[in-house]
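Quick notes on the structure that follows.
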Protein chains: 4
Amino acid sequence: MAGNGFGTIFRFTTWGESHGPAIGCVVEGVPPRLPLSEADIQHWLDKRKPGASRFTTQRKESDRVQILSGVFEGKTTGAPVSLLIANEDARSKDYDTIKDQFRPGHADYTYWAKYGIRDYRGGGRASARETASRVAAGAIARKILGDGVSIRGALVQIGPHAIDRTRWDWRAVDANPFFCPDAQTAKKWEGFLDEVRKAGSSAGAVIEVQASGVPAGLGEPIYDKLDADLAKAMMSINAVKGVEIGAGMGAAALSGEQNADKMRMKGGKVTFLSNHAGGILGGISTGQDVVVRFAVKPTSSILTPLKSVDRFGKEIEVSTKGRHDPCVGIRAVPVGEAMTAVVLADHLLRHRAQCG
Amino acid sequence: MAGNGFGTIFRFTTWGESHGPAIGCVVEGVPPRLPLSEADIQHWLDKRKPGASRFTTQRKESDRVQILSGVFEGKTTGAPVSLLIANEDARSKDYDTIKDQFRPGHADYTYWAKYGIRDYRGGGRASARETASRVAAGAIARKILGDGVSIRGALVQIGPHAIDRTRWDWRAVDANPFFCPDAQTAKKWEGFLDEVRKAGSSAGAVIEVQASGVPAGLGEPIYDKLDADLAKAMMSINAVKGVEIGAGMGAAALSGEQNADKMRMKGGKVTFLSNHAGGILGGISTGQDVVVRFAVKPTSSILTPLKSVDRFGKEIEVSTKGRHDPCVGIRAVPVGEAMTAVVLADHLLRHRAQCG
Amino acid sequence: MAGNGFGTIFRFTTWGESHGPAIGCVVEGVPPRLPLSEADIQHWLDKRKPGASRFTTQRKESDRVQILSGVFEGKTTGAPVSLLIANEDARSKDYDTIKDQFRPGHADYTYWAKYGIRDYRGGGRASARETASRVAAGAIARKILGDGVSIRGALVQIGPHAIDRTRWDWRAVDANPFFCPDAQTAKKWEGFLDEVRKAGSSAGAVIEVQASGVPAGLGEPIYDKLDADLAKAMMSINAVKGVEIGAGMGAAALSGEQNADKMRMKGGKVTFLSNHAGGILGGISTGQDVVVRFAVKPTSSILTPLKSVDRFGKEIEVSTKGRHDPCVGIRAVPVGEAMTAVVLADHLLRHRAQCG
Amino acid sequence: MAGNGFGTIFRFTTWGESHGPAIGCVVEGVPPRLPLSEADIQHWLDKRKPGASRFTTQRKESDRVQILSGVFEGKTTGAPVSLLIANEDARSKDYDTIKDQFRPGHADYTYWAKYGIRDYRGGGRASARETASRVAAGAIARKILGDGVSIRGALVQIGPHAIDRTRWDWRAVDANPFFCPDAQTAKKWEGFLDEVRKAGSSAGAVIEVQASGVPAGLGEPIYDKLDADLAKAMMSINAVKGVEIGAGMGAAALSGEQNADKMRMKGGKVTFLSNHAGGILGGISTGQDVVVRFAVKPTSSILTPLKSVDRFGKEIEVSTKGRHDPCVGIRAVPVGEAMTAVVLADHLLRHRAQCG
């Protein structure tokens with residue numbers, strides 16, 4: 001109810017602040033007898049880990065995950081899986097100056113307005129550090145989905161520079177620091193982002209996640225449509241301002257003829273001749289690739305001093321020093337993948353519940 | 001759990017099919033002693049009612065709402081409010097031909113894949129007729145929010161034709177059949193949509209909803225952020241493929257400096273010098289206008305025959321005759337308003353629960 | 001959240017007041033393709049119907065149920081099943097005198113204290129008439145459980161007079177107006193209850209429900225134990241003050257040796273040599289009969305004038321005329337059966353969700 | 001959904017096994033700005049701690065609680081409070097012999113039947129050690145309720161020996177190792193339980209919890225009645241087989257006249273002349289003391305060899321050595337208090353949500 005958890009049957013609840021002793025989550029509804037180790041989870045956490053390149057924050061966190069419960073002799077037991085990740089490199093003193101200040105674009109003012117108290121150190125509960133827990137939960141979700149379902153994310157735009165989709169190559173994604181599927185554009189981004197970084201500025205981004213192998217039939221009409229839950233999942237990620245399924249906002253400009261995904265039989269199975277639907281019709285998966293995109297706003301922490309106010313109602317100028325991602329969108333790729341995985345795993349179990 | 005309800009404290013659950021005896025909903029968590037009559041609800045239903053112009057479906061439905069419970073001597077009692085709207089003009093025979101067919105873009109195939117049974121008459125449960133229940137629930141949500149909160153929607157794009165935002169005039173919205181805030185563009189749409197309609201084709205649309213007077217502090221970190229719940233709410237509406245908050249997908253192209261909403265004091269209160277955030281930071285309302293946009297795909301029912309398959313795996317051609325909205329986006333305006341109202345009302349009560 | 005629904009995957013939400021136009025419920029999570037007709041539900045409603053004998057209220061209600069959604073061509077579709085039962089014999093004028101009075105033992109004072117408004121006609125929302133919706137939902141739950149699971153209830157005590165369990169005969173249950181499994185005790189009750197009725201007094205009762213054929217493995221540790229959910233289910237029935245599983249309160253007086261249900265193999269299956277556990281260990285079904293008992297307090301509506309107060313703080317005497325059950329426990333038997341059915345059906349689906 | 005949490009607005013989710021590295025819980029919905037320290041929680045944990053007398057298990061656990069999140073500078077922030085308690089004295093080897101055996105009365109067989117895997121060490125997830133997390137959550141619930149609400153528990157029966165209620169003295173409760181409010185009976189229990197312990201047997205118990213100062217109006221009709229939630233709360237505690245509110249099972253034997261709690265005005269406030277209702281009418285608190293009782297079965301771990309089976313279907317004899325509570329009911333007193341506190345705190349916030 002207080003908003004710290006996600007999912008219904010497969011459900012995880014996260015806790016922790018950026019500069020507290022640790023962060024973590026409790027993952028419930030995990031089917032029993034799945035092989036699960038810390039290494040299985042660590043693999044995905046390492047993709048999100050800060051400091052992987054000069055384009056992400058220089059905070060040093062090993063992000064080592066510990067399994068505290070729910071696994072016995074290497075297998076899940078059906079009991080809740082409690083995961084803990086220690087905070088190692090919190091420099092709380094860096095934040096003393098902003099303790100009473102509201103940084104534009106950050107959640108400082110709204111947390112204060114809501115709670116009348118604020119853990120200002122590193123963004124407290126509002127820090128993107130919380131997303132490590134999502135990635136950990138996503139790793140378990142992938143186990144539930146099994147090898148037949150493949151979930152891959154990519155960065156398709158940084159600032160105003162979108163990729164050329166005709167050059168899409170999944171192999172490129174791991175070969176550059178941006179999870180970019182278009183090697184040429186990745187090069188361009190490097191120059192662009194170096195400038196942004198040096199200027200103490202920041203850039204937004206668009207992430208696309210594709211899930212292949214999703215069986216037809218997942219999603220619950222009317223309000224827990226597969227796309228509705230994906231939209232919520234993505235919009236709950238820090239700094240996200242837009243979510244699209246398939247043709248997305250662009251669907252508005254299409255005619256009925258253009259937008260229709262025609263159907264044919266192929267090898268005894270229903271196939272579609274295009275995928276404007278993004279793999280979802282009426283809130284239920286069609287068996288095609290599920291395609292989700294989301295936009296991340298530019299990091300709010302920038303060097304340029306901005307007009308703001310403090311909690312005493314005084315007008316001030318704020319500029320943010322310290323260690324920040326010039327483009328938080330990069331590290332949002334594994335987070336978007338994880339959120340897609342948890343939505344799909346939950347709906348797989350939900351479907352099984354009602355439809356057997 | 002099965003996805004027919006929305007909200008937590010203020011929660012409504014809908015039921016009914018397009019061609020069953022009736023549709024309706026049960027609205028729970030309504031604070032006691034609010035004045036509420038059928039007329040209060042009817043006012044909003046009439047905005048969504050079919051047949052208001054030649055640009056919407058010609059199905060004749062009076063959409064009369066009946067209050068069956070939860071109101072005593074003109075006031076809510078705190079007990080659930082049960083609402084019922086009879087179906088009057090269902091022509092089920094129109095649908096006999098498609099009984100075994102899967103219409104591209106519709107939920108026919110996915111309902112079949114999920115449930116192995118399908119009420120094909122008028123789209124059954126997947127019909128946009130269900131949204132009448134949302135509008136009814138939204139009317140009650142508005143009562144909870146009170147007169148201080150104003151929620152208004154408008155159509156800002158039909159097909160490829162967007163409005164000119166500099167001409168935005170709320171008074172224009174009620175003066176054309178499109179809820180269009182730009183009288184000049186409304187004229188253009190008239191011609192465009194007449195052509196679409198005559199060609200038996202269809203067009204998509206973009207709707208924008210603005211909520212003014214929302215107090216700062218609504219929204220629950222982390223997963224039930226105000227924007228996350230709005231995204232889910234909008235994406236759960238039939239045919240929606242994209243949702244944006246504030247700057248939306250366009251935020252990706254901005255720099256940190258451009259995107260930051262600077263803050264100043266005005267009359268002793270915090271104000272913002274712009275609203276790229278769409279009134280939400282860290283998932284919590286800032287006190288600015290909450291701004292949500294969503295894209296509706298073109299109606300899937302078109303005259304042009306399309307390649308498809310039937311439930312026996314036979315390849316067919318489908319063209320859809322009958323009564324349809326050439327642009328379902330028009331009637332989505334009051335639905336988007338209603339969903340905004342229910343999200344805000346729920347979060348108002350949730351905030352009160354935890355923070356007093 | 002507001003407490004009008006029960007269950008998670010199989011979930012029903014009830015609405016309606018004693019003297020409103022109708023009562024009803026929305027049943028969600030029903031698996032698709034189950035045969036379901038109004039007659040299937042009516043069968044169980046008729047068991048609970050008032051006026052079956054002189055020992056129950058003389059209010060005349062045919063309790064005809066209507067299915068408004070979720071069933072197509074005689075089968076469930078997976079969409080919510082909306083059920084409606086009209087109120088036919090509401091004599092609201094009978095209640096004018098108590099409109100400002102708080103009747104001892106009734107919910108008059110507490111509804112007033114909570115909501116500041118009260119539909120006083122026939123108990124309003126607090127009327128036991130609401131339990132008709134439970135019985136209707138229970139009928140659907142039985143369909144989900146299938147013929148392999150048999151749920152039967154019986155009255156085992158009226159006032160201070162308990163049955164002799166050695167004479168337990170399920171065939172007797174339908175042969176007397178009390179659902180009493182002991183024909184001899186039923187006779188005694190007849191005399192006892194006639195006196196109670198003539199004196200304008202009332203009596204309490206104990207109901208026992210037994211469910212056979214429940215597979216081992218149902219129930220969710222820790223908080224949604226099968227017995228925890230049964231306890232909540234029974235305690236939520238009007239006038240219930242105690243719930244027991246298996247040995248119940250009496251378990252406290254047993255030694256570890258006496259209480260232990262020893263186990264042996266029989267035909268390749270685990271069997272138990274006794275059933276103090278009531279078919280549940282660690283919150284999970286053992287495969288034995290699930291045994292639940294609950295105590296219903298004497299009807300609060302009695303002729304004897306009782307000291308009370310009204311809503312203006314005036315001290316008064318209240319005596320309740322009108323049509324009442326001298327022992328509400330009798331009609332609680334089908335309600336207890338229904339609540340057992342809904343708990344089991346929900347846990348069957350929940351188990352399937354997590355454990356496949 | 002998977003049953004590891006309790007509550008709606010104030011909600012806690014527990015995790016951990018008896019012999020894992022730690023146990024703990026995440027507490028959500030805590031109002032902001034409440035003073036909270038580890039010492040505040042430790043106070044209540046120490047009441048439940050094993051080894052306080054020879055009548056409880058000799059396992060040595062300091063049960064030190066750590067707050068990992070949600071508290072900043074000594075005050076709650078509104079973010080989830082994560083609590084961790086390390087396991088210190090787990091002797092897993094003691095359990096090697098029962099690894100494939102099903103102990104009668106324990107959850108061994110049912111966990112196996114449900115999950116097909118079982119952490120047999122010390123009862124795993126089914127261990128009463130989990131209740132430490134409940135006590136910790138209860139400590140926070142008490143903070144929410146404030147000093148005006150007092151929640152006190154007592155043991156009122158061990159084995160067949162009930163207290164004499166006319167000698168009830170709250171001061172006695174802390175002066176004997178049984179939380180017994182009747183000093184004379186406590187003496188008797190000492191002798192009785194010494195015999196039980198020496199015989200390697202065990203005894204059941206009845207606990208009563210009383211909450212004073214509860215405002216009228218808490219509880220949500222129909223299914224989340226205050227008593228329904230209390231019944232679920234108590235029945236979810238390990239080994240509980242019965243729950244009573246006020247007159248409880250005994251209410252069945254009363255007449256309407258005897259059972260009615262008459263009302264008068266006193267100092268301008270409604271008062272009751274008796275409390276058979278246990279402070280709850282129609283599922284809503286009356287303002288009187290809320291009175292709950294529950295029965296705990298005798299500990300299933302006894303020395304006497306019992307007929308059982310193992311997971312290979314072999315018939316065996318099981319006797320349980322090791323460290324056990326001869327009467328688990330004793331340590332259930334602080335657990336019952338905690339569960340009462342969490343139910344009341346949740347309903348306080350729920351009431352505030354809907355009714356302001």
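Residue numbers begin at 1 in each chain, while the letters A, B, ... track the order of the sequences.
When all heavy atoms of E17(B) and A79(C) are compared, the pair lying nearest together is OE2-CB, 3.6 Å. E28(C) and G5(B) get closest at one heavy-atom pair: OE1-N, 4.2 Å.
Proximity to chain C is limited to the side chain of L84(B), based on heavy atoms less than 4.5 angstrom apart. Only the side chain of R121(B) has a heavy atom closer than 4.5 Å to any heavy atom of chain C.
Not a single side-chain hydrogen bond (donor to acceptor under 3.5 Å, both in side chains) links Q66(B) to another residue, sequence neighbours left out.
When atom types are taken as modelled, the side chain of R33(B) and the backbone of I117(C) share no donor-acceptor pair closer than 3.5 angstrom.
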Validation: residues 67-74 of chain C side-chain donor-acceptor distances under 3.5 Å, sequence neighbours left out:
{"from": "S69(C)", "atom 1": "OG", "to": "P80(C)", "atom 2": "O", "distance (Å)": "2.8"}
{"from": "S69(C)", "atom 1": "OG", "to": "S82(C)", "atom 2": "N", "distance (Å)": "3.1"}

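Counting non-hydrogen atoms of neighbouring residues, nucleotides and ligands closer than 6.0 angstrom, the CG atom of D147(C) reaches no more than 12 such neighbours. Within 6.0 Å of NZ in K143(B) there are more than 12 heavy atoms belonging to other residues, nucleotides or ligands.
Contact tally against chain B (heavy-atom pairs below 4.5 Å) for P21(C), C25(C), G29(C), G7(C): the top residue is P21(C).
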